[in-house]
Amino acid sequence: MMVAKLQNRVHVYSVEGEFPMFFDIDGRGSEIFPSVYALWRVPEIVPAFLLKGGEVSRFIIGGADLMFPGISVPPEGLPSFAAGEIWAVKVPGNPAPIAVGTTTMSSSEALKAGLRGKALRITHHYRDILWESAEGRFAPNAGFLEDMVFEDPAFLSSRQESVACEGPSEVSNDQGDGAEDEDVTVSVDKMNPDSIQMREMDGRNESSDKIVADIGTLTVADDVSAEGSNVEDQHNFTSADVDALLDKCLLQALYTTIKDKDLPMPGSTLWSNHVLPCRPQGVTLDIKKSSYKKLSKWLQAKSTAGLVSVKEDKHKKEVVLMGVNRNHPDYSAFRPEKRPVEKSDQGGEHAAKESQSNKTLNVVEVYKPSVHVNAIFTSVGADRGKLFTASEATDIVFRYVEQENLVKPTNKSTVVLDATLCDALFKGAIKKGSMYPTEIHKKDLGSTFISRMQPHHVITRGSDSVVRKGALKAIQIMTERRQGNKKVTRLSGMETFLVDPEALASELQKKFACSTTVAELPEIIILHVGLAWLSLS
């Protein structure tokens, strides 16, 4: 092994006579990354993010960090990862990584942030200084080229154009030229005492289009599959073909995954979670290759055609899907594809639906006998310690009426009150000096009897159930105005219905594409939508 120690404390590890395979960014061994050369030999050594399109790669190889909007999220969702993990970057249709770096946040934090912001802090990428310095030193090594897993002619030709390191006399002459040439000195360990000096070549600055083209032609010799042929076929797609594919994917999504209850829906959510998963397998769908060029223009065109209705969010500058015209001729004439689903997925979906049904909220108002009606329950032999629903309590009082034969013979809709029933219904409720009623209509008997009992309510959600005394309290929603044009909507009373504020906040954040805040006491959720704040407590 050979260790090269750079002036900026970076240690580069390589097999002697070959390309660098690993590098330590601080020289302490705390953060060791594989180089792009190592990732090409073993592409799966670290997990990788897949870019949405090859156009994004020009920013990565230009030195920019990877942002979440540039990542293609698979249909099964964003993979799980923690902050500070080492991930690589790949372009669609090519298993060869082009960059490596560390994640800036965890997957859960990314979802809470709405998949916005920086995803990966790039530490090394294709055609950076580390790449070019190693490429220049080892380009004459024909033995390495034979062992290299990349055998594409375009890649090999680009390697033959690279310039090898100058001799010691040339390096010394360059050092005296001035400050325009940036020199990098590398000191090697005792196994190789000769110092190696390299400088960044001015003539190596190629256009980003040429670099992106080189990346697109890289292939792995051991991974030739039908997917590669599909990618090659996509280069022959015209803008009309892409337009037709867009319409087909949209109609497929409207039939299969987009429900009216999910609307309104941001255009970015529609694209990433619904349209892209409906594209044919192995096909990369790029809106920029269509005649519309932008997602907003495409959706507005579909709105003009009458298939959907959209509205532009002036604060977020994004088109929002508001409705779907399911009576449109294009929608009626379209026949969705039936895609095969694995048994394991069906089982998981069934389990998810079953779990969701088990979490269904169930609220029941019940009543407990009070001292006023205990005599009625005792007379019919009912348990006074039990909770009764409204219908069960009504049945108790009518059983007593039938048992005591209190129905008025001349008017079957009227009940004659005896002393026990009269006390149960009106004792303590009639003002002093007033006469007690002697009869009551049957339609008023049940409600009057229930009003004399103690109200309770039972809340059930899944396996959790709780009984609370008193009437059911509704959730309260209040809107407040903050400084400027900011508004806050507060939601209170969630604990009555066994609602977890954190889970509700996360769901509302995704539903309304806004930020949420939960305070412990009292439990408050605040939604920030542009300049207008929605808050729920």
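Remember, predicted model here, so these are calculated numbers, not experimental data.
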A.B. asks: How many angstroms lie between atom CG of Asn325 and atom OG of Ser303, to the nearest 0.5 angstrom?
C.D. replies: 10.5 Å
A.B. asks: Between Arg468 and His457, is any side-chain donor less than 3.5 angstrom from a side-chain acceptor?
C.D. replies: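 Side chains of Arg468 and His457: no pair found under 3.5 Å.
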A.B. asks: Hey, is Lys52 close enough to Asp286 for a salt bridge, meaning N to O under 4.0 Å?
C.D. replies: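 Not counted as a salt bridge, because no side-chain N and carboxylate O are separated by less than 4.0 Å.
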A.B. asks: Taking C-beta and beyond as the side chain, do Val363 and Leu472 meet within less than 4.5 Å on heavy atoms?
C.D. replies: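 A side-chain contact exists here, since the closest heavy-atom pair is under 4.5 Å.
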A.B. asks: To the nearest 0.5 Å, tell me how far Asn362 CG sits from Ile459 CD1.
C.D. replies: 8.5 Å
A.B. asks: Determine whether Gln252 and Phe334 satisfy the following criterion, side-chain contact (heavy atoms from CB on, under 4.5 Å), listing intermediate values before the conclusion.
C.D. replies: CA-CA 8 Å; Gln252 180 75 16; Phe334 182 75; 3.7 Å; yes
A.B. asks: Where does the angle between the aromatic ring planes of Phe49 and Trp87 fall among parallel (under 30°), tilted (30 to 60°) and perpendicular (over 60°)?
C.D. replies: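 Aromatic pair Phe49/Trp87 classed parallel.
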A.B. asks: Hey, are Ser239 and Ser291 close enough side-chain-wise for a donor-acceptor pair under 3.5 Å?
C.D. replies: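 No, because no side-chain N or O of Ser291 sits under 3.5 Å from a partner of the opposite role on Ser239.
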A.B. asks: Rounded to the nearest 0.5 Å, what separation is found between the NZ atom of Lys442 and the CZ atom of Phe398?
C.D. replies: 6.5 Å
A.B. asks: Determine, stepwise, if the pair Lys248 / Glu337 fulfils salt bridge (Lys or Arg N to Asp or Glu O under 4.0 Å).
C.D. replies: CA-CA 10 Å; Lys248 180 180 178 181; Glu337 298 180 357; 2.8 Å; yes
A.B. asks: Would you mind telling me which of Val89, Val100, Asp65, Thr104 makes a side chain to side chain contact (heavy atoms under 4.5 Å, CB included) with Leu120?
C.D. replies: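 For Leu120, the side chain to side chain contact (heavy atoms under 4.5 Å, CB included) test succeeds with only one of Val89, Val100, Asp65, Thr104, which is Val89.
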A.B. asks: For a 4.5 angstrom cut-off between non-hydrogen side-chain atoms, does Val242 reach Leu245?
C.D. replies: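 No, too far: nothing below the 4.5 Å cut-off.
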A.B. asks: Is a donor from one side chain sitting under 3.5 angstrom from an acceptor on the other, for Asp418 and Thr420?
C.D. replies: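 No - no donor-acceptor pair under 3.5 Å links their side chains.
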A.B. asks: Quick check against the 3.5 Å criterion: does Ser72 have a side-chain atom that pairs as donor or acceptor with the backbone of Leu51?
C.D. replies: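 Looks like no, no N/O pair under 3.5 Å.
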A.B. asks: Has the side chain of Thr304 got a donor or acceptor atom that lies under 3.5 Å from a matching backbone atom of Gln300?
C.D. replies: yes
A.B. asks: State whether the number of non-hydrogen atoms from other residues, nucleotides or ligands found under 6.0 Å of Lys427 atom NZ is greater than 12.
C.D. replies: no
A.B. asks: May I ask you to check whether over 12 heavy atoms, not counting those of Lys511, lie within 6.0 Å of atom NZ?
C.D. replies: yes
A.B. asks: Measuring from atom OG of Ser379 to atom CD of Gln403, what distance do you get when rounded to the nearest 0.5 angstrom?
C.D. replies: 4.0 Å
A.B. asks: Identify the heavy atoms of Ala96 and Asn94 that sit nearest to each other, and give their distance.
C.D. replies: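 That closest heavy-atom pairing would be N-OD1, 3.0 Å.
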A.B. asks: Ignoring hydrogens and geometry, is there a side-chain-to-backbone donor-acceptor pair from Arg279 to Leu276 under 3.5 Å?
C.D. replies: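 Yes, Arg279 side chain to Leu276 backbone: donor-acceptor pair under 3.5 Å.
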A.B. asks: Taking the side chain as every heavy atom from C-beta outward, state whether Ser268 and Arg116 have any pair of such atoms under 4.5 Å apart.
C.D. replies: yes
A.B. asks: Restricting to non-hydrogen atoms, name the atom on Pro369 and the atom on Lys386 that form the minimum distance, rounded to 0.1 Å.
C.D. replies: CD-O, 3.4 Å
A.B. asks: Could you tell me whether the side chain of Ile450 reaches within less than 4.5 Å of the side chain of Phe388, counting heavy atoms only?
C.D. replies: no
A.B. asks: Using modelled atom types and a 3.5 Å cut-off, is there a donor and acceptor pairing between side-chain atoms of Thr448 and backbone atoms of Leu445?
C.D. replies: no
A.B. asks: Counting distance only, does the side-chain N/O of Thr257 pair as donor-acceptor with the main-chain N or O of His274 below 3.5 Å?
C.D. replies: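 Such a contact is absent between Thr257 side chain and His274 backbone.
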A.B. asks: Would you call Tyr400 and Leu406 a side-chain contact if the rule is heavy atoms closer than 4.5 Å?
C.D. replies: yes
A.B. asks: Looking only at heavy atoms, which two atoms of Ala424 and Val373 are closest? And how far apart?
C.D. replies: O-CG1, 4.1 Å
A.B. asks: Using the rule given for side-chain contact (heavy atoms from CB on, under 4.5 Å), can you reason through Leu270 versus Val275, listing the C-alpha separation, both sets of side-chain angles and the distance that settles it, and then say yes or no?
C.D. replies: CA-CA 6 Å; Leu270 169 68; Val275 176; 4.1 Å; yes
A.B. asks: Please determine, by modelled atom types, if Thr389 and Glu365 share a side-chain donor-acceptor pair under 3.5 angstrom.
C.D. replies: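 Absent: no donor and acceptor within the cut-off.
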A.B. asks: Check the pair Glu439 / Lys408 against side-chain contact (heavy atoms from CB on, under 4.5 Å), numbers first and verdict last.
C.D. replies: CA-CA 9 Å; Glu439 57 186 32; Lys408 191 175 183 177; 3.3 Å; yes
A.B. asks: Parallel, tilted or perpendicular: which fits the ring planes of Trp298 and Trp271, with parallel below 30° and perpendicular above 60°?
C.D. replies: perpendicular
A.B. asks: How close do Tyr436 and Cys422 get, heavy atom to heavy atom, and via which atoms?
C.D. replies: CD2-SG, 3.7 Å
A.B. asks: Where do Leu251 and Leu307 land on the side-chain contact (heavy atoms from CB on, under 4.5 Å) test, with the steps shown first?
C.D. replies: CA-CA 9 Å; Leu251 291 170; Leu307 177 61; 3.9 Å; yes
A.B. asks: Could you check whether any side-chain N or O of Arg384 sits under 3.5 Å from a backbone N or O of Phe377, counting only pairs where one atom can act as donor and the other as acceptor?
C.D. replies: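 Absent.
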A.B. asks: Between Arg326 (side chain only) and Leu254 (backbone N and O only), is there a donor and an acceptor less than 3.5 Å apart?
C.D. replies: yes
A.B. asks: Under 4.5 Å between any side-chain heavy atoms of Phe81 and Ile86, yes or no?
C.D. replies: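 No, too far: nothing below the 4.5 Å cut-off.
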A.B. asks: Using a 4.5 Å cut-off on heavy atoms from C-beta on, say whether the side chain of Leu66 contacts that of Phe59.
C.D. replies: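 No. Closest side-chain heavy atoms not under 4.5 Å.
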A.B. asks: With rounding to the nearest 0.5 Å, note down the distance linking CZ in Arg121 to OG1 in Thr102.
C.D. replies: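 Reported to 0.5 Å precision, the distance equals 5.5 Å.
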A.B. asks: Which atoms form the tightest heavy-atom contact between Asp330 and His328, and what is the distance?
C.D. replies: N-ND1, 3.1 Å
A.B. asks: Can you find a pair of side-chain heavy atoms, one from Leu498 and one from Thr460, that are under 4.5 Å apart?
C.D. replies: no
A.B. asks: For Ile258 versus Met265, what's the shortest heavy-atom pair and its separation?
C.D. replies: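 In terms of heavy atoms, the two residues are closest at CG2-CE, 4.3 Å.
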A.B. asks: Enter the distance from Leu115:CG to Ile71:CD1 here, rounded to the nearest 0.5 Å.
C.D. replies: 8.0 Å
A.B. asks: Looking only at atom types and distance, does a side-chain atom of His456 sit under 3.5 Å from a main-chain N or O of Leu387, one as donor and one as acceptor?
C.D. replies: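 Checking the backbone N and O of Leu387 against the side chain of His456, no donor-acceptor pair under 3.5 Å is found.
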A.B. asks: Using modelled atom types and a 3.5 Å cut-off, is there a donor and acceptor pairing between side-chain atoms of Ser309 and backbone atoms of Gly323?
C.D. replies: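 At least one qualifying donor-acceptor pair exists.
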A.B. asks: Hey, is the main chain of Ile430 close enough, under 3.5 Å, to the side chain of Ser434 for a donor-acceptor pair?
C.D. replies: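 No, because the side chain of Ser434 does not come within donor-acceptor range (under 3.5 Å) of the backbone of Ile430.
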